[in-house]
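In what follows, every chain begins at residue 1, and chains take the letters A, B, ... in the order their sequences are listed. Keep in mind that this is a model prediction, so the values were computed, not measured.
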Amino acid sequence: DAMVIQNPRYQVTQFGKPVTLSCSQTLNHNVMYWYQQKSSQAPKLLFHYYDKDFNNEADTPDNFQSRRPNTSFCFLDIRSPGLGDAAMYLCATSRDGREFFGPGTRLTVL
Amino acid sequence: GNSVTQMEGPVTLSEEAFLTINCTYTATGYPSLFWYVQYPGEGLQLLLKATKADDKGSNKGFEATYRKETTSFHLEKGSVQVSDSAVYFCALRSSNDYKLSFGAGTTVTVRA
């Protein structure tokens, strides 16, 4: 059974058109993460939540925002996607030192 | 700060060959160490982990030993299969941090 679910798996948007990526979890974990992974690179942490506490990485652009309305759901909002934002976006959860990653959403910006 | 240095790829092997991917780290305190695997088009899966010095993590024929004296966590498999073709990431997390620090990843291709 899927434990970290990301929708959609593939998302196409236009340059400058806001887009939202979704993540849900069935694990009831208190920590959730969003990573950006560009081709042939390591995942780069954008931000994470510990419960409702939001933690932004210092180098995460303002163009990226996140919402966590409840324990199960977390959203990544890209306000004005640029061509450089095309990447795989990975959601993850963790509890007691163990991370669980979702399958990722591949974002294409036209 | 924390950092992970991983052997550069790509690595191409024949089936049943021996695989080693080197990983060294810099961290404060006593980090936990991980190997993740990413198959084409998929997210990351935890392959194995070790939480203290001299621990050996193992899974699916892969092994890695936490060596504090050499700050290393090299991944090994004695006989690879075509299905082991993937990107492998070494990672660490400090005991006082929620964040994973990843290495750059090593692409492994196993040919039949």
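- If you measure heavy-atom distances from A:Q6 to chain B, you find no contacts under 4.5 Å at all.
- Between chain B and the residues A:R98, A:R9, A:K44, the largest count of heavy-atom pairs under 4.5 Å involves A:R98.
- Residue contact with chain A, scored on non-hydrogen atoms closer than 4.5 Å, involves the side chain of B:L46 exclusively.
- Between A:F54 and A:F47, a ring centre-to-centre spacing shorter than 6.0 Å is recorded.
- Scanning all heavy atoms of the two residues, the minimum distance from A:M88 to B:E42 falls at CE-O, 4.4 Å.
- In this structure, chain B has a heavy atom under 4.5 Å from the side chain of A:Y33, while its backbone stays farther away.
- Surrounding CZ of A:R67 are more than 12 heavy atoms belonging to other residues, nucleotides or ligands, all under 6.0 Å away.
- Interface residue B:Q38: only side-chain heavy atoms are found under 4.5 Å from chain A.
- The candidate from A:P103, A:A92, A:G104, A:C91 with the greatest count of non-hydrogen atom pairs under 4.5 Å with chain B is A:P103.
- Listed for the A:T105 side chain is a donor-acceptor partner under 3.5 Å among the backbone atoms of A:P8.
- In plain terms, the two heavy atoms of B:S85 and B:Y39 that are nearest each other are O-CD2, 3.6 Å.
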